[in-house]
Amino acid sequence: MTNKHEIAGLFAGIGGLERGLHRAGHRTVLLCENDPGATAVLKARFPNVPHHHDVTNLPALPKSTTLVAAGFPCQDLSQAGQTAGISGLRSGLVDEVFRLVRQTRTPWLLLENVPFMLQLNRGRAMDHITGVLESLGYRWAYRVVDSRAFGRPQRRRRVYLLASAAEDPR
């Protein structure tokens with residue numbers, strides 16, 4: 001992933017993924033977030049980036065999008081949450097990412113979520129996600145990353161899955 005990317009941030013929260021990618025030289029072309037507090041932060045951090053409120057009625061990604069970054073909802077996948085799994089009302093929204101990617105054939109996709117999804121329901125969430133990616137012609141790789149590895153005092157482990165339709169994502 002050496003080229004500069006045009007990023008669509010879905011489930012953008014306060015723009016953590018997008019901000020990091022921006023610092024690495026990439027450009028955000030769309031943000032989608034429905035939480036009013038997070039949206040206020042996004043508008044301050046990314047004042048000139050178009051914002052969409054609801055991923056379920058986002059008709060399409062901008063044609064220039066080369067990377068979709070999506071920290072999709074974790075409530076159904078979290079050990080502290082409902083543990084409804086990938087078919088839960090919130091975490092199941094990852095399928096909206098796939099709907100949009102199907103339309104645009106975006107070359108790269110970066111997903112982020114909680115590591116408990118790897119073991120919940122014997123890994124059904126990961127099976128679902130990777131199965132859809134493979135059916136769309138993407139290759140994928142993932143890592144569990146802990147914020148402490150970057151000098152942060154809080155343990156915050158996350159799964160980052162990078163998928164590509166064109167290159168080896170490892």
### Query
Out of curiosity, does V29 fall in the hydrophobic cluster containing L58 (side-chain heavy atoms, cut-off under 4.5 Å, transitive links)?
no
### Shortest non-hydrogen contact between M117 and I129, atoms and distance
CE-CD1, 4.0 Å
### Task
Kindly work out whether a path of hydrophobic side-chain contacts (I/L/V/M/F/W/Y, heavy atoms less than 4.5 Å apart) joins F116 to V159.
yes
### Message
Quick test of your reading of the model: are R139 and D168 salt-bridged, counting only N-O distances below 4.0 Å?
### Response
no
### Task
Can you see which heavy atom on H53 is nearest to which on C32, and at what distance?
C-SG, 4.3 Å
### Query
Is there a path of hydrophobic side-chain contacts, each under 4.5 Å between heavy atoms of I, L, V, M, F, W or Y residues, that connects L110 with F150?
yes
#### Entry: R158 atom CZ, neighbour heavy-atom count above 12 within 6.0 Å
yes
### Task
Apply the test side chain to side chain contact (heavy atoms under 4.5 Å, CB included) to residues E6 and L61: give CA-CA distance (whole Å), side-chain angles for both, the deciding distance (0.1 Å), then the verdict.
CA-CA 11 Å; E6 303 280 310; L61 298 172; over 6 Å; no
### N113 vs F11 side-chain heavy atoms within contact, under 4.5 Å
no
## Note on the structure
When rounded to the nearest 0.5 Å, the distance separating CZ of R45 from NE2 of H22 is 11.5 Å
### Query
What pairs with R157 under salt bridge (Lys or Arg N to Asp or Glu O under 4.0 Å), at least two apart in sequence or on another chain?
none
### Query
If you take all heavy atoms of E18 and L10, which pair is closest and at what distance?
OE2-N, 4.4 Å
### Query
Is the side chain of T106 donor-acceptor paired with the backbone N or O of L67 at a distance under 3.5 Å, no angle test?
no
### Task
Give a yes or no answer on whether the side chain of K4 reaches the backbone of A24 with a donor-acceptor pair at less than 3.5 Å.
yes
### Task
Find the distance between OG1 (T66) and CG (L109) and round it off to the nearest 0.5 Å.
11.5 Å
#### Entry: Parallel, tilted or perpendicular, as decided by the 30° and 60° cut-offs, for the rings of H5 and W108
perpendicular
### Query
Quick one: CG on L42 to CG on L31, what's the gap to the nearest 0.5 Å?
5.0 Å
### Summary
Separation between CG (N57) and NE2 (H52), nearest 0.5 Å, reads 4.0 Å
### Query
Can you check side chain to side chain contact (heavy atoms under 4.5 Å, CB included) on L111 and Y142, steps first, answer last?
CA-CA 9 Å; L111 298 176; Y142 80 94; over 6 Å; no
### Query
Is there a path from V114 to I14 through hydrophobic residues (I, L, V, M, F, W, Y) whose side chains come within less than 4.5 Å of each other?
no
#### Entry: Joint cluster assignment, V55 & V41, ILVMFWY side-chain distance < 4.5 Å
no
#### Entry: For the student: nearest non-hydrogen atoms of W140 and E134, plus distance
NE1-OE2, 2.8 Å
### Message
Pair L100, V68 - check side chain to side chain contact (heavy atoms under 4.5 Å, CB included), show working.
### Response
CA-CA 9 Å; L100 292 163; V68 173; over 6 Å; no
### Query
Would you say the side-chain atoms of E33 pair up with the backbone N or O of G13, donor to acceptor, closer than 3.5 Å?
yes
### Message
Atom CZ of residue position F72 - does it have more than 12 heavy atoms of other residues, nucleotides or ligands inside 6.0 Å?
### Response
yes
### Query
If you take all heavy atoms of V144 and P115, which pair is closest and at what distance?
CG1-CB, 4.2 Å
### Query
Say you draw a straight line from NE2 of H128 to CZ of F98; how long is it, rounded to the nearest 0.5 Å?
5.5 Å
### Query
Would a distance-only check, ignoring hydrogens and angles, find a side-chain to backbone donor-acceptor pair under 3.5 Å from D54 to N34?
no
### Query
Got a second to check how far R105's CZ is from T65's OG1, nearest 0.5 Å?
14.0 Å
### Task
For residues E96 and R99, report the shortest heavy-atom separation together with the two atoms involved.
OE1-NE, 2.6 Å
### Task
For the pair M126 and L161, evaluate side chain to side chain contact (heavy atoms under 4.5 Å, CB included) and give the outcome as yes or no after the intermediate values.
CA-CA 10 Å; M126 199 64 159; L161 184 147; 3.6 Å; yes
